[in-house]
Amino acid sequence: MRLIAENLSGERGGEPVFEDIGFTLENGEALIVTGPNGSGKSTLLRVIAGLLPHASGRIGIEGGGEEFPTVAAACHYLGHQNAMKAALTVRENLEFWQSFAGSGKLGIADALDDVGLGGLSHLPFGYLSTGQKRRAAIAKLRISHRPVWLLDEPTAGLDKASDARLAGLMRDHCAAGGIVVAATHLPLGLEGVKALEMGRVHV
Amino acid sequence: MLALYLRDLRMGVRAGGGALTGVLFFLAVIVTIPFGVGPDLNLLARIGPAILWIGALLASLLGLDRLFQADREDGSLDLLVLNADRHMLALTVLVKCLAHWTASVLPLVIAAPLLGLFMNMELIGIGAAALTLLVGTPAIVFIGATGAAVTVALPRGGLLISVLVLPLVIPVLIFGVTASYGAVNDPDPFTPPFLILCALTMFLAVIGPLAAAVALRSGTD
């Protein structure tokens with residue numbers, strides 16, 4: 001499977017945010033998108049996912065087969081929000097997403113153990129701290145199978161140990177043939193990844 | 001899809017869900033009317049079905065602004081849109097509408113017979129009003145979903161939804177009230193307006209979610 005972007009341009013409200021971005025990611029490759037605030041990292045991820053239209057160029061997936069015909073179908077998108085309901089428990093939230101998005105290799109209990117939230121699944125999601133919420137959202141990536149992970153500032157609110165754990169999960173995902181695109185300010189502890197520096201800042 | 005229905009239902013009835021706001025509003029409107037109109041029992045009985053319908057209509061518009069906005073704020077809406085290849089977006093919208101109807105509007109239908117007593121309505125008239133509400137209120141939610149989808153990005157979209165949606169639900173109101181009157185006033189028929197009301201609901205069950213899905217897809221930013 002390949003994730004291909006060619007001459008991709010994105011705009012917000014008619015203002016160009018980035019232009020002529022191109023990359024090709026094969027199975028097992030990761031792309032780290034860096035750049036100052038306002039350089040269009042989040043917009044790029046949303047354009048890749050298909051949540052925003054692209055102004056020009058092409059974005060697509062090759063070799064996804066019938067199960068993953070489009071990037072939207074093949075990707076997990078972890079945005080700034082965690083997409084969880086504060087009034088429901090962690091377990092209820094994850095159960096919903098698992099049955100809605102399809103099940104993956106891991107069960108909910110295992111995925112929560114992996115992010116260090118093993119004993120907290122009975123708590124309402126709203127009771128968790130910022131970092132714990134983020135970790136629960138990261139557990140969501142693993143309970144449904146998607147080959148492409150689009151992560152927007154995945155480490156926001158995480159402590160050091162969780163940073164390392166996330167890096168381990170991303171390495172595992174790549175080792176299993178997955179593709180990761182992450183927008184971040186921090187080094188994520190991944191070796192041998194492609195890097196994309198978003199330069200021009202439009203004010 | 002069942003999971004989505006159950007999740008939205010749970011959200012509606014748990015603390016802060018606001019499912020009961022509609023019923024309280026409905027109660028407040030219906031209980032106030034006899035004080036305003038005066039103790040003329042015949043007049044109350046005559047305007048009863050119309051008042052019940054108007055009250056239920058306005059009450060069911062109340063919670064509509066949260067239908068997609070809550071999901072948009074916590075990022076769930078993005079994921080619902082992204083999963084469109086697995087679950088058609090219009091179907092997702094339909095399920096969300098049904099969950100909203102069950103949590104917020106079905107209580108209105110259940111409360112309607114009780115409130116009909118305040119309006120001095122006959123037993124058969126109360127039954128007819130409740131039945132037409134049961135059949136007709138889903139149509140209001142389906143049209144409302146389109147309004148909610150269009151205004152999803154607006155922080156204070158609630159009133160705008162009502163203004164957008166009200167002209168479109170007038171046919172539902174007309175046939176609902178006509179059928180309710182048909183059940184008690186002898187020369188007027190009950191079945192034809194009731195069947196048209198059923199047809200309206202089924203028609204809007206298709207059109208409403210489709211239009212809402214288009215609006216949601218182009219509304220992501």
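Note on naming: letters A, B, ... go to the chains in the order of the sequence lines (proteins, then strands), and numbering restarts at 1 for each one.
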Chemist: Taking heavy atoms only and a threshold strictly under 4.5 Å, list by residue number the residues of residues 152-168 of chain A that touch chain B; give 'none' if the list is empty.
Modeler: none
Chemist: For A:K194 and A:E26, what are the C-alpha separation, side-chain angles and deciding distance, and is it a salt bridge (charged side-chain N to carboxylate O under 4.0 Å, His left out)?
Modeler: CA-CA 11 Å; A:K194 297 188 173 178; A:E26 303 272 350; over 6 Å; no
Chemist: Identify whether the distance between the nearest side-chain nitrogen and carboxylate oxygen of A:D110 and A:R142 falls below 4.0 Å.
Modeler: no
Chemist: Side chain from CB out, backbone as N, CA, C, O: work out which of these in B:D85 comes under 4.5 Å of a heavy atom of chain A, or both, or neither.
Modeler: side chain
Chemist: Among B:V81, B:L2, B:L77, B:L80, single out the residue with the greatest number of heavy-atom pairs under 4.5 Å to chain A.
Modeler: B:L80
Chemist: Answer with side chain, backbone, both or neither: which region of B:T92 has an atom nearer than 4.5 Å to a non-hydrogen atom of chain A?
Modeler: side chain
Chemist: Out of A:Y77, A:W97, A:F68, which one racks up the most heavy-atom pairs below 4.5 Å with chain B?
Modeler: A:W97
Chemist: Which donor-acceptor pairs under 3.5 Å do side chains of residues 152-163 of chain B form with protein atoms, sequence neighbours excluded?
Modeler:
from: B:S162; atom 1: OG; to: B:G158; atom 2: O; distance (Å): 3.4

Chemist: Of all heavy-atom pairs between A:V90 and A:A136, which one has the smallest distance, and what is that distance?
Modeler: CG1-CB, 4.4 Å
Chemist: Under a 4.0 Å threshold between the charged nitrogen and the carboxylate oxygen, would A:E29 count as salt-bridged to A:R2?
Modeler: no
Chemist: Which residue, B:L9, B:V141, B:D8, forms the side chain to side chain contact (heavy atoms under 4.5 Å, CB included) with B:H100?
Modeler: B:V141
Chemist: Would you call B:D74-A:K133 a salt bridge at under 4.0 Å N-O?
Modeler: no
Chemist: Please classify the contact of B:A70 with chain A as side chain, backbone, both or neither, using a heavy-atom distance under 4.5 Å.
Modeler: both
Chemist: Parallel, tilted or perpendicular: which fits the ring planes of A:H173 and A:W149, with parallel below 30° and perpendicular above 60°?
Modeler: parallel
